[in-house]
Amino acid sequence: MSASAPLEPGCRIALLATGGTLEKRYDPHTGTLALGAPVVEELLATLVQPDVAVDVERVMAVDSLDMDDAGRDAIVAAVARRIAAGGCDAVIVTHGTDTLAETAAALVAGLNAPAVPVVLTGAMVPWACAGSDAAQNLAQALMAARLLAPGVHVVFHSRVVPGERVVKDYARLTLVDGRPG
């Protein structure tokens, strides 16, 4: 039996990593969860995606509680640059959930109808911890990036929410549509 040739990428995705819970690891020196070595590439390696090419760019490594307007501006600029450069069919941004809604709103305002889907996702539990939702959310974001129309979207826990309408539901620990209908 001969090996088959690898598939050509059917979809090219720029993944911009910004930190957040998804990327936290336990630091035994401090006894806390902290941002350290990047995990996005490690997480992507666990997913089967034979015809998707993902180009990972580390924009920053910030807990979203520490995300400020300058950080959001840097994310908007990085997404705009990747779209303007071409070569990608979609952009995914990994982000912490506490201020993800503010960054989604900044992307909606700053990108002015992007030419490709821009998808934000994250996790409530770090990928390195048991019970993490990081792989689920990233896999769903990858699929959604291939299917969604251009615009800013949030993909989280099996739902897609328009970027301008997303809010964090602290009681249910998820992201939801804050203005349904």
Requested in this report: Consider only side-chain heavy atoms of I, L, V, M, F, W and Y, link residues closer than 4.5 Å, and tell whether Val40 and Leu47 are in one cluster.
Outcome: yes
**Report entry** Shortest non-hydrogen separation from Ala141 to Val155 and the atoms involved
**Finding:** N-CG1, 3.7 Å
Query raised in the report: Could you state the interatomic distance from OG1 (Thr94) to CG (Leu15), rounded to the nearest 0.5 Å?
Result: 5.5 Å
Return a table of donor-acceptor pairs under 3.5 angstrom between the side chains of residues 75-82 and protein atoms on other chains or two or more places apart.
unit_1, atom_1, unit_2, atom_2, d
Arg81, NH2, Glu57, OE1, 3.4
Arg81, NH2, Glu57, OE2, 2.5
Arg82, NH1, Glu57, OE1, 2.9
Arg82, NH2, Asp55, OD2, 2.5

Report task. For Gln140, check side chain to side chain donor-acceptor pair (under 3.5 Å) against everything at least two apart and list the hits. Result -> Ser158
Requested in this report: Without swapping roles, check the side chain of Thr99 against the backbone of Leu65 for a donor-acceptor pair under 3.5 Å.
Outcome: no
Query raised in the report: Shared ILVMFWY cluster between Leu43 and Phe156, side chains joined below 4.5 angstrom?
Result: no
Requested in this report: Enter the distance from His95:NE2 to Met67:CE here, rounded to the nearest 0.5 Å.
Outcome: 3.5 Å
Report summary line: Scanning both residues in full, the closest heavy-atom pair of Ala134 with Ser132 reads N-OG, 3.0 Å
Query raised in the report: Can Leu148 be reached from Leu120 by stepping across I, L, V, M, F, W or Y side chains whose heavy atoms are under 4.5 Å apart?
Result: no
**Report entry** Non-hydrogen atoms of Ala104 and Val154 that approach each other most closely
**Finding:** CB-CG2, 4.2 Å
Requested in this report: Using atom types as modelled and distance alone, determine if a side-chain donor or acceptor of Asp133 lies under 3.5 Å from a backbone N or O of Met124.
Outcome: yes
Query - Minimal non-hydrogen separation, Leu111 against Val118, with atom names - result: CD1-CG2, 4.0 Å
Query - Trace of the salt bridge (charged side-chain N to carboxylate O under 4.0 Å, His left out) decision for Arg159 with Asp177 - result: CA-CA 9 Å; Arg159 66 175 59 90; Asp177 190 332; over 6 Å; no
Query raised in the report: How far apart are the closest heavy atoms of Pro114 and Ile83, and which atoms are they?
Result: CB-CD1, 3.8 Å
**Report entry** Asp89 side chain to Val116 backbone, donor-acceptor under 3.5 Å
**Finding:** no
Query - From Lys24, Glu23, Glu42, residue fulfilling side chain to side chain contact (heavy atoms under 4.5 Å, CB included) relative to Trp127 - result: Glu42
Report summary line: CG (Leu142) and CG (Leu138) are apart, to the nearest 0.5 Å, by 4.5 Å
Query - Cluster check Val59, Val54: I/L/V/M/F/W/Y, side chain < 4.5 angstrom - result: no
Query - pair Val161-Val176: side-chain heavy atoms closer than 4.5 Å - result: no
Query raised in the report: Can you check whether Leu44 reaches Gln49 side chain to side chain, under 4.5 Å on heavy atoms?
Result: yes
Query raised in the report: Mind checking whether Asp98 and Tyr170 have side chains closer than 4.5 Å, heavy atoms only?
Result: yes
**Report entry** Met60 atom CE, over 12 foreign heavy atoms within 6.0 Å
**Finding:** yes
Query raised in the report: Is the closest side-chain heavy-atom distance between Lys168 and Leu100 below 4.5 Å?
Result: no
Query - Contact check, side chains of Val62 and Asp68, non-hydrogen atoms, under 4.5 Å - result: no
Report task. Taking Asn137 for its side chain and His157 for its backbone only, find out whether a donor-acceptor pair lies under 3.5 Å. Result -> yes
**Report entry** Least distance between heavy atoms, Ile13 atom then Cys11 atom
**Finding:** CG1-SG, 3.7 Å
Report task. Decide yes or no for Thr103 and Ser64: does some side-chain heavy atom of the first lie under 4.5 Å from some side-chain heavy atom of the second? Result -> no
Query raised in the report: Side-chain heavy atoms under 4.5 angstrom apart, residues restricted to Ile, Leu, Val, Met, Phe, Trp, Tyr: same cluster for Ile92 and Leu22?
Result: yes
